[in-house]
Amino acid sequence: MVIPALICGMLFTNCGSEDDTTSIKNGKYTGIFTVKYSEGDLFGETTLTGETTLKLNNGKYKCTGNPDRIPAGGSGKYSISDNKIIFEDENIWTTEFDGRLILDGEYDYTFDGKNLRLSKEIYEYDLLKK
C-alpha cells in the first residue's frame, strides 16, 4: 500500500519539473521578427522582417532593435501565464513609428525546448535558443 502511493507521488512530482522542455528557459534567443501589414493598414499591404536577439533572465528581458525599428526592441520585466508571455517594457519611446513594434504586452508563445515563437496580432518572433 505504501509503495504504490510513493510511486504515484514520484510520478506526479516530476510532471511540472524544471526539466520540462516546454518551459521557457533563461538565456539568449536569436532569430527573425516579422510583421505582416494588410492592405487597409496605415503602412499598406507589406511584410517586413528584421533580425533580433531576445535575452531572458529571471523575469527580466532585453530585445535588440534595428535602426529601421523592425523590430524596435524593448526591455523590462516579463511573466508567463498558461501559453501567454507578458512583456512590460520600461523605456520611453518617441512616436514616429508603429509603437506595436516594441516588444511589450501579451504574446501567445510556443516553445519546444529550442525554438521559441512569440505572436501577437500581425507581429511574430521566430527565435532559436543559443
Side-chain angles (χ1 to χ4, degrees):
M1 181 76 116
V2 173
I3 292 178
L6 287 174
I7 291 171
C8 287
M10 288 188 305
L11 288 173
F12 288 115
T13 302
N14 288 332
C15 287
S17 72
E18 289 186 31
D19 294 332
D20 181 4
T21 59
T22 59
S23 301
I24 297 177
K25 309 282 191 260
N26 286 335
K28 182 178 179 180
Y29 298 81
T30 61
I32 301 294
F33 168 82
T34 304
V35 57
K36 295 178 183 176
Y37 292 111
S38 63
E39 187 176 322
D41 203 328
L42 178 64
F43 301 98
E45 186 172 353
T46 188
T47 298
L48 304 171
T49 62
E51 293 183 11
T52 190
T53 299
L54 174 62
K55 294 179 182 174
L56 301 175
N57 187 18
N58 298 324
K60 297 271 191 186
Y61 79 97
K62 181 171 181 159
C63 181
T64 60
N66 293 304
D68 64 0
R69 306 231 192 223
I70 309 296
S75 62
K77 298 175 186 173
Y78 76 93
S79 60
I80 298 172
S81 178
D82 299 320
N83 286 348
K84 307 266 185 212
I85 183 167
I86 299 100
F87 295 97
E88 297 176 43
D89 180 70
E90 297 175 341
N91 297 288
I92 297 172
W93 297 89
T94 57
T95 58
E96 80 280 356
F97 68 99
D98 176 3
R100 299 169 296 176
L101 296 169
I102 301 165
L103 185 56
D104 187 42
E106 186 176 288
Y107 285 75
D108 294 317
Y109 81 88
T110 58
F111 183 62
D112 65 8
K114 199 169 202 173
N115 298 290
L116 174 62
R117 174 174 280 170
L118 308 172
S119 60
K120 174 182 176 180
E121 300 164 359
I122 60 173
Y123 307 91
E124 190 168 281
Y125 293 79
D126 284 310
L127 307 168
L128 178 66
K129 181 146 181 16
K130 294 295 177 179

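In this text, all values refer to a predicted model and were calculated from it rather than measured experimentally. Positions are given from 1 along the sequence.
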Inspect the surroundings of CD in Glu51 and state if more than 12 heavy atoms from other residues, nucleotides or ligands are less than 6.0 Å away. no
Lys120 atom NZ, neighbour heavy-atom count above 12 within 6.0 Å: yes
Does some side-chain heavy atom of [Y] sit less than 4.5 Å from a side-chain heavy atom of [X]?
X      : Y      : answer
Lys36  : Glu124 : no
Tyr109 : Ile80  : yes
Arg117 : Leu127 : no
Glu90  : Lys77  : yes
Thr47  : Val35  : no

Determine whether Ile102 and Phe97 satisfy the following criterion, side chain to side chain contact (heavy atoms under 4.5 Å, CB included), listing intermediate values before the conclusion. CA-CA 10 Å; Ile102 301 165; Phe97 68 99; 4.0 Å; yes
Would a hydrophobic clustering, with Ile, Leu, Val, Met, Phe, Trp and Tyr connected at side-chain separations under 4.5 Å, put Ile85 with Ile32? no
Given Leu116 and Ile24, is the side chain to side chain contact (heavy atoms under 4.5 Å, CB included) satisfied, shown in steps? CA-CA 8 Å; Leu116 174 62; Ile24 297 177; 3.7 Å; yes
Mind running side chain to side chain contact (heavy atoms under 4.5 Å, CB included) on Leu54 and Lys62 for me, showing each step along the way? CA-CA 6 Å; Leu54 174 62; Lys62 181 171 181 159; over 6 Å; no
Can you confirm whether the side chains of Asn58 and Asn26 place a donor and an acceptor under 3.5 Å from each other? yes
Is it the case that Asn91 and Ser75 place a side-chain donor and acceptor less than 3.5 Å from each other? yes
In terms of the angle between their ring planes, are Phe111 and Tyr29 parallel, tilted or perpendicular, with boundaries placed at 30° and 60°? perpendicular
Which pair of non-hydrogen atoms, one from [X] and one from [Y], has the smallest distance, and what is that distance?
X     : Y     : value
Asp98 : Tyr37 : OD2-OH, 2.6 Å
Pro71 : Gly50 : CD-O, 4.3 Å
Asp68 : Ile70 : OD1-N, 3.0 Å

Quick one: pull up [atom1] in [X] and [atom2] in [Y] and give me the separation to the nearest 0.5 Å.
X      : Y      : atom1 : atom2 : answer
Leu103 : Leu118 : CG    : CG    : 6.5 Å
Thr52  : Asn66  : OG1   : CG    : 6.5 Å
Trp93  : Leu101 : CH2   : CG    : 9.5 Å
Lys25  : Lys114 : NZ    : NZ    : 14.0 Å
Lys129 : Asn115 : NZ    : CG    : 12.0 Å
Ile86  : Asp104 : CD1   : CG    : 11.0 Å

Counting N and O atoms only, with roles assigned by atom type, does the side chain of Thr64 sit under 3.5 Å from a partner on the main chain of Thr53, one being a donor and the other an acceptor? yes
Out of Tyr61, Tyr125, Tyr123, which one pairs with Phe87 under the ring-ring contact (aromatic ring centres under 6.0 Å, His included) rule? Tyr61
